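So the structure is just underneath, and the comments pick up after that.
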Amino acid sequence: MDLNDTPEQAAYRVRVAAWLHEHRDEAPALDLPEEELVPAQRAWQRRLAENGMAGVTWPEEFGGQGLGPIESVIVGQEIAKARVPGILDVIGVGMLGPTIIAHGTQEQKGRYLGPMLHADEVWCQLFSEPAAGSDLAAVQCRARQEDDGSWRLTGQKVWTTNAQFSAHGLLLARTDADVPKHKGLTMFILPMDAEGVTIRGLRQISGEAEFNEVFLDDVRVEADAVVGGPGNGWGTALTTLMFERLTIGSGAEGLGYRPERFVELVARDEHASADPEVRRRLGEISIELLAVRFGGYRLLSMLQQGTIPGPEAGLAKVTTVSAAIEAFDLVADVLGPDALDEAGETAYGISFLPGLKSAGGTEEILRNTIGERVLGLPPEPRLDKGIPFSELRAKEREAVAK
Amino acid sequence: MDLNDTPEQAAYRVRVAAWLHEHRDEAPALDLPEEELVPAQRAWQRRLAENGMAGVTWPEEFGGQGLGPIESVIVGQEIAKARVPGILDVIGVGMLGPTIIAHGTQEQKGRYLGPMLHADEVWCQLFSEPAAGSDLAAVQCRARQEDDGSWRLTGQKVWTTNAQFSAHGLLLARTDADVPKHKGLTMFILPMDAEGVTIRGLRQISGEAEFNEVFLDDVRVEADAVVGGPGNGWGTALTTLMFERLTIGSGAEGLGYRPERFVELVARDEHASADPEVRRRLGEISIELLAVRFGGYRLLSMLQQGTIPGPEAGLAKVTTVSAAIEAFDLVADVLGPDALDEAGETAYGISFLPGLKSAGGTEEILRNTIGERVLGLPPEPRLDKGIPFSELRAKEREAVAK
Amino acid sequence: MNLELSQEQEFLRDAARNALGRVKTVEAAREALEDPGARPDLWPTACEAGWAGLIVDEEHGGAELGAFDAMLVMIEAGRVLAGIELLGHLPAAALLNAGGYGDLGAIAEGTQRATWLPTRPPTDDVPAWTVEARGGSRRAPAVALDGDRLSGTVAWVPDAPGADVLVVIGVDAGGEVAALAVDATQDGVSVEAVTRYDATRALGHVTLDGATGQRLALDAEGIAHAWYFAQTLLAAEAIGTVETCLASSVAYAKERFTFGRAIGSYQAVKHALVEVLRRRENAYSLLVYAGWSHEDRRDEFPLAASAARAAASAALDYAARELISVHGGIGATWEHDAPLFFRRAQLSRRLLGGMGDATDRVAGELLAKAGAV
Amino acid sequence: MNLELSQEQEFLRDAARNALGRVKTVEAAREALEDPGARPDLWPTACEAGWAGLIVDEEHGGAELGAFDAMLVMIEAGRVLAGIELLGHLPAAALLNAGGYGDLGAIAEGTQRATWLPTRPPTDDVPAWTVEARGGSRRAPAVALDGDRLSGTVAWVPDAPGADVLVVIGVDAGGEVAALAVDATQDGVSVEAVTRYDATRALGHVTLDGATGQRLALDAEGIAHAWYFAQTLLAAEAIGTVETCLASSVAYAKERFTFGRAIGSYQAVKHALVEVLRRRENAYSLLVYAGWSHEDRRDEFPLAASAARAAASAALDYAARELISVHGGIGATWEHDAPLFFRRAQLSRRLLGGMGDATDRVAGELLAKAGAV
């Protein structure tokens, strides 16, 4: 059992730390207004990329370092230690870039990966829709092919992070409604400035717009915008989702919910640390979060041995979100209504977490998947298997009307 | 809002209390060995019945008092206050007798109800089977009609309280396997001393035999043993289940899990009452149990207005059992391993409750029923609808073999 | 035994539902988050409906109804997130009514709006009157009473901004407790208006610096009553909110489909919604207990009121989270109503001592009865 | 970073599984409930497998393996409810080994079986060494040390009956702590054998009346180590039991049908079994933390060991209840194995301070690190 760096890793860590220490003054302050913050973050990502601290696991031919997951985590840990921001485009570099690397054409790789890595072009993920969240294969956004080979896209996407300043989006659309739902999907690259694209901020409980809605009204994209071939959209999406799981699973600490943080918040009340009831709740929460921390290390260790983690890796997010909800509840119970001041971090946490709970698919569906794929339990009866998508929708409408 | 007795009820209460006070010395001590206890309890039930304190809601023509549910509860409360045992045959008088009153023939009512009420003949309920618990309509016990009109019963029943000293059982059997499962059932009266009936005590976690298994090997019963007509067994069973729900719902206190009991147990530790963590848990448990107490009064009030309670009345048992589990857990956490001495009430409670949890159908099925029937939520997909029972069983066997 | 509503109670309930139905209170709850001025003034509605004098004696112009009737009105207010100043006024009116206040007519009419400074009665393990302070400490000493002069601060006073009369509970150097009716407009009284998270709820930090007022003829038990009565009002209000959450959740669970099935057909959703129902039923049963004990078993009222409060706050917390959860991501957006119910739940569970304090008091009452403390 | 098992560790695990597989330990757990004599003596198995000397230095005849290796053996013991005297022997051996005990060879061979008298190290809020007493009090003063004489009682000592050597932790009048190796056969030592609820677990109440022994060369931190090491062993054992509960629950959920579907296809069952898995994974991750910190970050070992213990005890409680629940009524019958796992869970969660004490210690360690206490 070894959680410690090898000599090579230790040397790498020293180099990373040294660079960050030397250049930390160049990092942007996160309390800038968005219009100044985003350009500053772009510049910072470029600096990180140029010095090998973005796309650590990307192949070298696309500007990456060709290193393993451990080195990637070392970079993340040192960035956290240096108290500087990480890269701006976590979604592009962490999930969408790897998808293009896996499924894109040579032209697509040549055209898009470099600017993505250097934050010249930020990316967003256009998968979820109002009626297709956990059940992602139910997307309704339609793509119709023209005689010249180009496509026309119409529909609505939602929960899109960074859309307001993205250059491109990776978009999942339905190209054939007459086959079962997983089979009629295609993945596209969408220029976000194309005519017919409307972006609207979606405010959350806190009042902040953490996400966007993206409306597509007969948007034209060229034939070469297809990633992974027409009709293969579901397989391409699964690759993105696997990288999403890795990003979340190995970086649950990255959500910022460390036990130490809550301990410090609770300790602001002078009586709290001597109250057995508070201590019990604080202990239970901390145990969950410590388990996630070491679960993350176990995952990383598996990755390094070449094992691809299964869906159970998604439990890290479930555990983290549930524990963080309990934690902010405890803080507010201890501190009273003052903790609900919207300007404070506790109120923000209380507002933010319910939305995070369903982000990336609900806990219920995750538990179904783990029960069936990991424990081998029999499947939930599925009423949508093998039925053409168009028929399925008609059935639903009928059921609601009843 | 009135929880208090009317003048008539108050007068009734006084009469009941006076009789009980006068005759309490005749009541049996519950620590007698079973072979002495049961005859003593029979004698006591007879005394209660003769004085109008058994079958309070039964019609007068069958020996009852023809009174309402409130009077029945008054009797129960006064019996508890007098610290004497209630009747022995709660199942017969509370559930099976009313079923016979509702569905039985005149001959059956004349023959069976009197001896039941006076405990000359104790009854047991033969519904559940190893493969038919929550899904009661899946019973496999077979009844085949002979040319002379008599029936031959073969199968196994389980969770049968009091079988070892019962004279009769009310038994649900399958008389037609070629129709969907709810349709091929028939209800019988089974003499427990019939040839081919074997009774075996079923020990629980505590080591005590709270229930029995009953095996039937080609047992002959006469044509007049059928209650409610052949093929109508499911409807007859539903009547019994409704009375079961009433017995449990209005008598959750009767399970003996009063908050005061747990408060006293916890208070045995001198530090416990000053520990905020213990107090929080004790408070939460007590709140649940107090809610059940007043929920019971609400139910009774509804009954008195003539409203039949819906399946949500079953939640009282769920709440009680869950709270009692938490309560004994708390007691044992406070008192430590000594609380697990098998001779003590805490260890007994810890052992007894897991079995009680699934008795009368699982919580999961109850929540399904309430969700569908009370909240109007759409049903769980049912794969057994309209399929002949014999086919259904074949399918299951096939699925397991896979 | 009859625990059903009487005809009069049904009438009171329906009238409240009608009166409140004329105002778009839920929309107002959202608007007030950005513009506190958008909070509608429902006090005229309350006066017109007779709620200001609901529990004031008839001889003083009140309706002389019972505590449970007040709870029924609060259920309706909670159902639509109406911000009416009853959580402050009703317990204050009860103290003024029982304590022989001079101008009860104005209280009953609502031309004088009252509130009280929540002060927790002693418990078995904290044998002193305490209040909440600003900035986190949940057990500060009560307002000090020196002769007829009151000094001290009480935080998170419901409906304090704009109140005309404050009922202040003070403790003198000898530990004796008294309640005084204080004119809020005098020098020596300052009210700092605060809102936290739920913009429908007007709160204030009240500071007294030598303020004085009319001493009410109340003993310690009479004074403590306000605390428990307020707990039942908060409980009732929460139950109303739970009912709306449940109805809205059930409706959406029937029409939203995933994997070819309405989500309400999945056990995870169905069982959680039944859990909301279970908690609602339990909280309501305890509210009935509180109402009954208030009339007929006053020594059990502290237990019943605390139990109802804790159960109802917990039920609302659960129901509001479930409302968001059933709606998936959309339930966590500003445009949706779910966050308004969630905000209500979050603040309510932490008012008047918080639901943890109520739970602790249930244990304390039962332990005391068992002779364990 | 490599947190996978090494080849040697896999070998150790497989050997343990094989050795224990030769005894019908689960059946024995049931029989011993009615006949304590039916409890098989697994000590010869432990000695033969080298577990007695697992963590004793090689120079004294031990295998000199790490704490995590001991945990791996405990996982296998837990998996089959084996009643081996390792929860007593291993922490005792660790103290004897580190403290320079004279006859370590006999300890390593197992010809002398040792145990220790569990004594809780001080915490931020209970700044004294404490033990459990008979009859409920969970915080009695530690054994008193007067010169070289030890007097006092420690309840619920694991594996005390029949132990040859007792490691006793005593506190003198000045508050100084010391550990002594005490010959259990001397006058002045009495052991009352007790079992509670789980007949596989041999416990004893040990009373010392002026007993004496060899003082071990250990400072307070060295002595405290035994407490945390024992917590990790209990955690590991629980994780093994959870794994059996989960496998058995999953198997039944596939073959039992209700309403035409295997019960494992229902979300209520499926999600609960995934919850068992989630808790198992979390507990195992914390066990890894404990193993790693034991070698490389000793100052975090109290935190890691307490967290692992609390998580594993809670996981076992949940898993054992779920095992019964999945099986419906049949799972609560004497003939079924489920109650044996349940009994194990119920006693284990209350040993060595109980899982509540371990949870409290997690909070205490973190609060202390944050400078809050």
Side-chain angles (χ1 to χ4, degrees), chain B residues 1-6 9 70 73 259-260 262-264 266-268 270 272-274 276 278-288 290-298 300-302 304-305 307 312 315-316 318-319 363-364 366-372 374-381, chain C residues 1-6 9 66 68 124-125 246 250 253-254 261-267 269-271 273-278 281-289 291-293 295-297 303-304 306-308 310-311 314 356 358-367 369-373:
Chain B
M1 175 165 350
D2 185 12
L3 201 64
N4 309 322
D5 291 340
T6 62
Q9 287 163 355
I70 301 284
V73 167
E260 294 81 3
F262 298 113
V263 170
E264 283 161 24
V266 166
R268 286 187 192 170
E270 51 179 333
S273 58
V278 172
R279 290 166 67 101
R280 172 67 77 100
R281 289 165 71 187
L282 187 61
E284 286 174 353
I285 292 160
S286 302
I287 288 165
E288 294 282 294
L290 288 170
V292 169
R293 180 180 294 171
F294 280 82
Y297 293 147
R298 284 176 59 206
L300 210 53
S301 168
M302 280 175 61
Q304 204 191 16
Q305 319 299 311
T307 312
E312 68 275 21
L315 289 172
V318 167
T319 302
E363 177 172 346
E364 288 76 17
L366 178 68
R367 286 190 187 252
N368 269 13
T369 306
I370 296 170
E372 292 163 23
V374 181
L375 297 179
L377 291 168
E380 191 76 40
Chain C
M1 175 176 326
N2 183 7
L3 301 177
E4 309 292 295
L5 298 188
S6 68
Q9 287 173 328
F68 193 73
D124 59 302
D125 68 341
L246 180 57
V250 166
K254 288 181 189 176
R261 286 165 52 186
I263 61 171
S265 74
Y266 290 93
Q267 280 189 328
V269 172
K270 189 176 286 174
H271 291 188
L273 295 181
V274 171
E275 179 62 11
V276 176
L277 177 70
R278 189 188 73 85
E281 292 298 312
N282 277 359
Y284 186 79
S285 293
L286 291 165
L287 203 69
V288 167
Y289 178 23
W292 170 74
S293 64
E295 304 309 312
D296 289 334
R297 200 73 59 88
L303 172 65
S306 304
T359 306
D360 185 83
R361 201 172 285 262
V362 168
E365 289 287 322
L366 289 168
L367 283 163
K369 217 198 295 183
V373 290

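The basis for the numbers below is simple: all heavy atoms, side chains too, and nothing from hydrogens, waters or symmetry mates. Protein chains get the first letters and strands the later ones, always in sequence-line order, with residue 1 at the start of each. Since this is a predicted model, take the numbers as computed values, not measurements.
Listed by chain and residue number, nothing satisfies the salt bridge (charged side-chain N to carboxylate O under 4.0 Å, His left out) test with B/Glu364 (two or more places apart in sequence, or in another chain). The ring pair (Phe, Tyr, Trp, His ring centres under 6.0 Å) check on C/Tyr266 picks up nothing, with sequence neighbours excluded.
A 4.5 Å side-chain heavy-atom check between B/Leu377 and C/Val269 finds every atom pair outside the cut-off. B/Leu282 has its side chain out of reach of C/Leu366: every pair of non-hydrogen atoms, C-beta onward, lies at least 4.5 Å apart. Side-chain contact between B/Leu315 and C/Glu281 is absent, with no heavy-atom pair separated by less than 4.5 Å. Side-chain contact between C/Lys369 and B/Val263: absent, with no pair of heavy atoms (C-beta onward) separated by less than 4.5 Å. Between C/Asp296 and B/Leu3, every side-chain heavy-atom pair lies at or beyond the 4.5 Å cut-off. Residues B/Glu380 and C/Gln267 form a side-chain contact, since some pair of their non-hydrogen atoms from C-beta on lies under 4.5 Å apart. In this structure, C/Val288 and B/Tyr297 have side chains that are not in contact, with every pair of non-hydrogen atoms separated by 4.5 Å or more.
Considering all non-hydrogen atoms of both residues, C/Asp124 and B/Ser273 come closest at OD2-O, 4.4 Å. Between B/Pro378 and C/Ala262 the shortest heavy-atom distance is CG-CB, 3.6 Å. Residues B/Val374 and C/Leu277 approach most closely at CG1-CD2, 4.0 Å, considering heavy atoms. Heavy atoms only, all atoms of each residue included: C/Ser285 and B/Ala291 are closest at CB-O, 3.6 Å. Here the closest heavy-atom approach between residue C/Gly356 and residue B/Arg280 is recorded as CA-NH2, 3.4 Å. The minimum heavy-atom distance between C/Val362 and B/Gly283, with the atom names listed, is CG1-O, 4.0 Å.
Remark: B/Arg279 CZ to C/Asp360 CG distance equals 4.0 Å, nearest 0.5 Å. Rounding to the nearest 0.5 angstrom, the gap separating the CD atom in B/Gln305 from the CG atom in C/Asn2 is 4.0 Å. One distance of note links CG of B/Leu290 with CG of C/Leu286; it measures 6.5 Å at 0.5 Å rounding. One finds the CZ atom of B/Arg367 at 10.5 Å from the CG atom of C/Leu273 (value rounded to the nearest 0.5 Å). Considering CD of B/Glu264 and CG of C/Leu367, their distance stands at 10.0 Å, rounded to 0.5 Å.
The residue among B/Gly371, B/Ala272, B/Ala267, B/Pro381 with the most heavy atom pairs within less than 4.5 Å of chain C is B/Pro381. Put simply, of C/Arg297, C/Arg278, C/Glu275, the one with the most heavy-atom pairs under 4.5 Å next to chain B is C/Arg278.
At a 4.5 Å heavy-atom cutoff, B/Val266 makes no contact with chain C through either its backbone or its side chain. Interface residue C/Leu246: only side-chain heavy atoms are found under 4.5 Å from chain B. Using a 4.5 Å cut-off between heavy atoms, C/Arg261 contacts chain B through its side chain alone, with no backbone atom that close.
Taking the six-membered ring where tryptophan is involved, the planes of B/Phe294 and C/Trp292 are tilted, since the angle between them lies from 30° to 60°.
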